[in-house]
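Along the sequence shown, residues carry numbers from 1.
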Amino acid sequence: MSGAEEAGGGGPAAGPAGSVPAGVGTGAGVGVGAGPGAAAGPAAAAALGEAAGPGLPDEAGLAGARQLQEAAVDPDAPPKKRLRAAEAAEAAAAAAAAGSGKLEERLYSVLCCTVCLDLPKASVYQCTNGHLMCAGCFIHLLADARLKEEQATCPNCRCEISKSLCCRNLAVEKAVSELPSECGFCLCQFPRSILERHQKEECQDRVTQCKYKRIGCPWHGPFHELTVHEAACAHPTKTGNELMEILDEMDQSHRKEMQLYNSIFSLLSFEKIGYTVVPPKLACAFVCPNGFDLPCDK
């Protein structure tokens, strides 16, 4: 017996070249195969071990990594299978790296309103069983039940809700205000508590209008271009007649909008609007002296 065999305790030195010993674990089996998936074995094990999370034991991650290693190291596996194993290892590493983003998504689903499934923007109410409702949906449920002369109920557990039975959840309101949200103009992340102020006062990409809007300038664009536009705006240099024509057009459009508003307001002011569909020939009838019922054309 040679010295190498004595040091290895009679290891499988006489086996065929490239074969994987039966008793070798994952750490020893990684360096045996030569292929694109061989280097991905330790990375896959580490990635899946992290992706398993604190709630799962490390053995589960190692078992998944062992399956990826066997598929990647096996010389008899087709190339597509080895490539898929390497891609799976990369996907596991990416999922482990993006674990912080998933926490925010889980908080969105937990803290959202049970009616509109959106994060509340102001007050948050809860029923006696703890289901959350934003202020708008809560008022809508109470008003809808009042119109139907019914008792308002929670859409989840069907328990009774009212202003006296429900209370605000200040902890959820503060948690929602600290969640990051994306600015609609500059696409940067800000806490929801300061997002509104940023969009109205601080964002350089917010949409703004020219200060000569009152004399007919139709320009609107990002705030950082406002100074350049106002310096080159042609409306301050217009003559009085040109400005009067522009102001007349603005007054006409304003009058049309007010007429539409007044007509809609008058329609909504009616207490009750009812429609009755009656055939015109049967709407009115009188008895003929001869005994026949004849329809009235009036």
Under a single-linkage definition using a 4.5 Å side-chain heavy-atom cutoff for Ile, Leu, Val, Met, Phe, Trp and Tyr, are L117 and V115 assigned to the same hydrophobic cluster? no
Taken to the nearest 0.5 Å, the spacing of C210 SG from H220 NE2 works out to 12.5 Å
So is R206 actually on top of F185's ring, under 6.0 Å and inside 45° of the axis? no
Quick check: closest heavy atoms across L195 and S181, and the distance to 0.1 Å? CD2-OG, 3.5 Å
Between L111 and L179, is any pair of side-chain heavy atoms under 4.5 Å apart? yes
Would you check if C217 and H229 make a side-chain contact, meaning some heavy-atom pair closer than 4.5 Å? yes
Could you measure the distance from the NZ atom of K238 to the CD1 atom of I215? Nearest 0.5 Å is fine. 9.0 Å
Let me check something: do F265 and M258 share a hydrophobic cluster, defined by ILVMFWY side-chain heavy atoms less than 4.5 Å apart, either directly or through other members? yes
Without swapping roles, check the side chain of S193 against the backbone of E178 for a donor-acceptor pair under 3.5 Å. no
With a 3.5 Å cut-off and sequence neighbours excluded, list the donor-acceptor pairs that the side chains of residues 160-176 form with protein atoms.
unit_1: S162; atom_1: OG; unit_2: S164; atom_2: OG; d: 3.1
unit_1: S162; atom_1: OG; unit_2: L165; atom_2: N; d: 3.3
unit_1: R168; atom_1: NE; unit_2: E173; atom_2: OE2; d: 3.1
unit_1: R168; atom_1: NH2; unit_2: E173; atom_2: OE1; d: 2.9
unit_1: R168; atom_1: NH2; unit_2: E173; atom_2: OE2; d: 3.2
unit_1: N169; atom_1: OD1; unit_2: A171; atom_2: N; d: 3.3
unit_1: N169; atom_1: OD1; unit_2: V172; atom_2: N; d: 3.2
unit_1: N169; atom_1: ND2; unit_2: Q126; atom_2: OE1; d: 2.9
unit_1: E173; atom_1: OE2; unit_2: V124; atom_2: N; d: 2.9

Just how far is it from atom CD of E182 to atom CZ of R192, taken to the nearest 0.5 Å? 12.5 Å
Straight-line distance of C116 SG to M133 CE, nearest 0.5 Å: 11.0 Å
How many angstroms lie between CG in D205 and NE2 in H224, if you round to the nearest 0.5 Å? 4.5 Å
Please set out all donor-acceptor pairs under 3.5 angstrom arising from side-chain atoms of residues 240-253, sequence neighbours excluded.
unit_1: E242; atom_1: OE1; unit_2: T239; atom_2: N; d: 3.4
unit_1: S253; atom_1: OG; unit_2: E249; atom_2: O; d: 3.4
unit_1: S253; atom_1: OG; unit_2: M250; atom_2: O; d: 2.8

Same hydrophobic cluster for L119 and V110, using side-chain heavy-atom links shorter than 4.5 Å among ILVMFWY? yes
Are I139 and L141 connected, step by step, through hydrophobic side chains (Ile, Leu, Val, Met, Phe, Trp, Tyr) whose heavy atoms are closer than 4.5 Å? no
Could you report the tightest heavy-atom contact between E230 and Y212, atom names first, then the distance? O-CE1, 4.2 Å
So, do L260 and E257 sit near enough that their side-chain heavy atoms are less than 4.5 Å apart? no
Would W219 and T208 count as a side chain to side chain contact (heavy atoms under 4.5 Å, CB included) if you check the C-alpha gap in whole Å, the side-chain angles of each, and the deciding distance to 0.1 Å? CA-CA 9 Å; W219 182 88; T208 186; 4.3 Å; yes
Rounded to the nearest 0.5 Å, what's the gap from CD on Q151 to CG on L142? Could you check? 9.0 Å
Validation row: C134, K121 side chains within 4.5 angstrom (heavy atoms): no
Least distance between heavy atoms, C183 atom then C203 atom: SG-SG, 4.0 Å
